[in-house]
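Report on the following structure.
Quick note: numbers below take in every heavy atom, side chains included, and nothing from hydrogens, waters or symmetry partners. Letters A, B, ... are given to chains in the order of the sequence lines, protein chains preceding strands, and every chain is numbered from 1.
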Protein chains: 2
Amino acid sequence: MPHTLRQKLADLVLLGTLKPGDRLDEHSLAERFGVSRTPIREAIRQLGASGLVEIRPRRSAVVRSFDRTELSEAFEAMGEIEALCAARAAVRFNEAERLRLRALIAASEDITARKDRAAALEMDFEFHGLLHDGARNWMLKTVAEETRLKITPYSAALFTMESYDADLGRPHCQHADIAEAVLAGDSDRAAALMREHIAQALISLQKFFDETAARPDAPKEKGRT
Amino acid sequence: MPHTLRQKLADLVLLGTLKPGDRLDEHSLAERFGVSRTPIREAIRQLGASGLVEIRPRRSAVVRSFDRTELSEAFEAMGEIEALCAARAAVRFNEAERLRLRALIAASEDITARKDRAAALEMDFEFHGLLHDGARNWMLKTVAEETRLKITPYSAALFTMESYDADLGRPHCQHADIAEAVLAGDSDRAAALMREHIAQALISLQKFFDETAARPDAPKEKGRT
DNA sequence: TAAAGCAAAATTGCATACAATTTCGATTTA
DNA sequence: TAAATCGAAATTGTATGCAATTTTGCTTTA
């Protein structure tokens with residue numbers, strides 16, 4: 001897979017090299033990737049349209065940051081969208097996807113036992129991605145992944161933070177429960193469990209930020225006159 | 001509000017000057033807006049990230065086109081998202097919004113009677129926009145408007161087509177029914193009516209395309225080796 | 001000591017130039 | 001006549017340069 005410049009730049013944000021509030025300096029980015037500013041600027045604008053970074057005319061683009069309210073609303077919206085995917089997947093999953101889902105949960109069991117956070121993050125992406133595909137609706141999948149993308153700089157933190165070790169088992173159990181409902185074809189239950197899963201993730205994230213001395217809400221740049 | 005170049009370019013697509021499948025030639029667009037290719041390219045990339053145009057490496061970008069299946073899936077997804085907004089709005093609307101909604105429906109009554117299609121299109125945007133705001137969730141509003149944006153090149157056609165005159169009254173009645181449910185605080189009913197409203201719009205659109213000799217599904221460019 | 005002012009440095013926005021690739025049409029060939 | 005071929009024109013991708021604006025840090029001042 002030929003990583004485009006846009007993808008490479010996005011990875012800087014998604015993998016946490018650049019954190020919410022950080023500036024995207026065109027010159028240094030161009031130097032880092034060995035290209036001129038022109039393609040860098042185009043990539044930055046694309047990330048801006050995706051909502052990953054904030055474009056500020058005549059000033060450096062910065063990684064998008066959410067305050068408490070925005071973060072809460074983002075998770076609420078994502079909960080509904082993911083619930084929709086889960087409900088559809090429960091009805092539309094095919095045999096290959098059922099097998100894949102079972103294998104995923106089994107692998108997740110192992111990863112959780114080993115407390116491998118990096119693998120757990122990847123597993124989380126795969127689990128939700130499988131449900132997005134299973135919903136059999138291209139637009140719904142697009143919407144779900146765009147939404148997930150926007151808050152990734154925050155949700156990924158859940159898996160890298162030390163204090164989360166104790167809770168690592170809960171997301172796995174929730175995934176397993178959702179999978180069970182999906183495999184049973186119970187769309188209402190799958191949706192309800194998914195909503196609850198996302199709501200729990202928000203609570204964990206908020207707790208994390210409270211403990212680490214208020215990360216969100218801080219980078220809110222003051223307006224200019 | 002100073003229309004950015006990106007907005008001006010988007011309007012070309014949204015208002016139908018450029019139709020699905022049309023190429024976006026950088027040189028002629030630069031000439032049209034009196035700027036160089038550089039800012040044009042940046043704007044095109046942004047529209048690409050928004051899903052309005054399709055970026056094809058080394059080849060001209062084209063206005064995104066949907067085949068029958070994609071159009072159907074897009075409307076299904078939008079139906080759910082709009083239903084979500086309507087349900088939330090039914091519970092969270094404030095007094096100012098209630099007044100605005102009533103005024104909107106009244107004005108729509110008039111516009112429908114006069115068969116003013118342009119005004120009807122604008123009214124449609126305002127109606128849905130009001131519900132997006134009323135849901136009191138920034139991310140949900142963003143998702144809803146991004147989704148609407150992607151299919152605007154198609155849905156806007158509903159209001160400009162001649163044969164739609166006969167049906168112009170139905171969207172208005174549906175809006176009125178939805179508004180009634182929202183004002184009554186009946187979120188389940190508002191959601192159900194909204195889903196039905198969007199489903200009807202899809203059917204009208206499909207009928208329109210069938211009559212005008214298959215517009216969608218045609219522009220599907222053949223893949224390159 | 002802290003705030004205000006100011007000039008130099010850094011940074012963004014845009015135009016232009018050129019290389020790489022694709023597109024298009026004329027010509028040739030079966 | 002239709003398909004294939006080849007070359008010129010058109011088009012995209014990227015680098016570079018310069019003007020406009022913002023940022024930064026030093027100096028001045030209350």
| query | Touch check for A:I55, heavy atoms < 4.0 angstrom, all strands: base, sugar-phosphate only, or nothing? | reply |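 Answer is nothing: A:I55 stays at 4.0 Å or more from every strand.
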| task | Please say whether more than 12 non-hydrogen atoms of neighbouring residues, nucleotides or ligands are located less than 6.0 Å from CD in B:Q7. | result |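 Yes, because the 6.0 Å sphere around CD of B:Q7 holds more than 12 heavy atoms from other groups.
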[options]: which one has an atom nearest the side-chain heavy atoms of [X]?
X: A:R58; options: D:dA20, D:dT23, C:dA17; result: D:dA20
X: B:R41; options: C:dG13, D:dT14, D:dT24; result: D:dT14
X: A:P39; options: D:dT14, C:dT11, D:dG13; result: D:dT14
X: B:D25; options: C:dT11, D:dT11, D:dA15; result: D:dT11

Can you check the [X] [atom1] to [N] [atom2] distance for me, whole Å?
X: A:F33; N: D:dT14; atom1: CZ; atom2: C1'; value: 16 Å
X: B:R56; N: D:dT11; atom1: CZ; atom2: P; value: 13 Å
X: B:R6; N: C:dC14; atom1: CZ; atom2: C1'; value: 19 Å
X: B:R23; N: C:dT22; atom1: CZ; atom2: P; value: 13 Å
X: B:E26; N: C:dT16; atom1: CD; atom2: C1'; value: 14 Å
X: A:E31; N: D:dT16; atom1: CD; atom2: C1'; value: 15 Å
X: B:E42; N: C:dC14; atom1: CD; atom2: P; value: 7 Å
X: A:R37; N: C:dC14; atom1: CZ; atom2: C1'; value: 9 Å

| said: Tell me which one of A:E70, A:E76, A:E80 satisfies side chain to side chain contact (heavy atoms under 4.5 Å, CB included) with B:N137. | reply: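 Among A:E70, A:E76, A:E80, the one meeting side chain to side chain contact (heavy atoms under 4.5 Å, CB included) with B:N137 is A:E76.
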| task | Answer yes or no on whether B:R88 is positioned over the face of B:F93, meaning its NZ or CZ is under 6.0 Å from the six-membered ring centre and within 45° of the axis. | result |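 So B:R88 doesn't make the cation-pi contact.
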| Pairwise 5' ranking along DNA chain C for A:H27 and B:G34, keeping only the more 5' one |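 This one resolves to A:H27.
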| Presence of donor-acceptor pair under 3.5 Å, side chain of A:S60 and base of C:dT12 |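 Absent.
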| message | Does D:dT23 have its OP1 or OP2 closer than 4.0 Å to a side-chain nitrogen or oxygen of A:R59? | response |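 A:R59 to D:dT23 OP1/OP2: side-chain N or O found under 4.0 Å.
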| request: Return no unless some side-chain N or O of B:S36 is found under 4.0 Å from OP1 or OP2 of C:dA15. | output: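 Checking C:dA15 against B:S36, a side-chain N or O does come within under 4.0 Å of OP1 or OP2.
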| query | Is A:K141 salt-bridged to B:E73, going by a charged N under 4.0 Å from an acidic O? | reply |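 B:E73 and A:K141: not salt-bridged.
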| message | Working to the nearest 0.5 angstrom, can you tell me the gap between A:D133 CG and A:R92 CZ? | response |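 Those atoms lie 13.0 Å apart.
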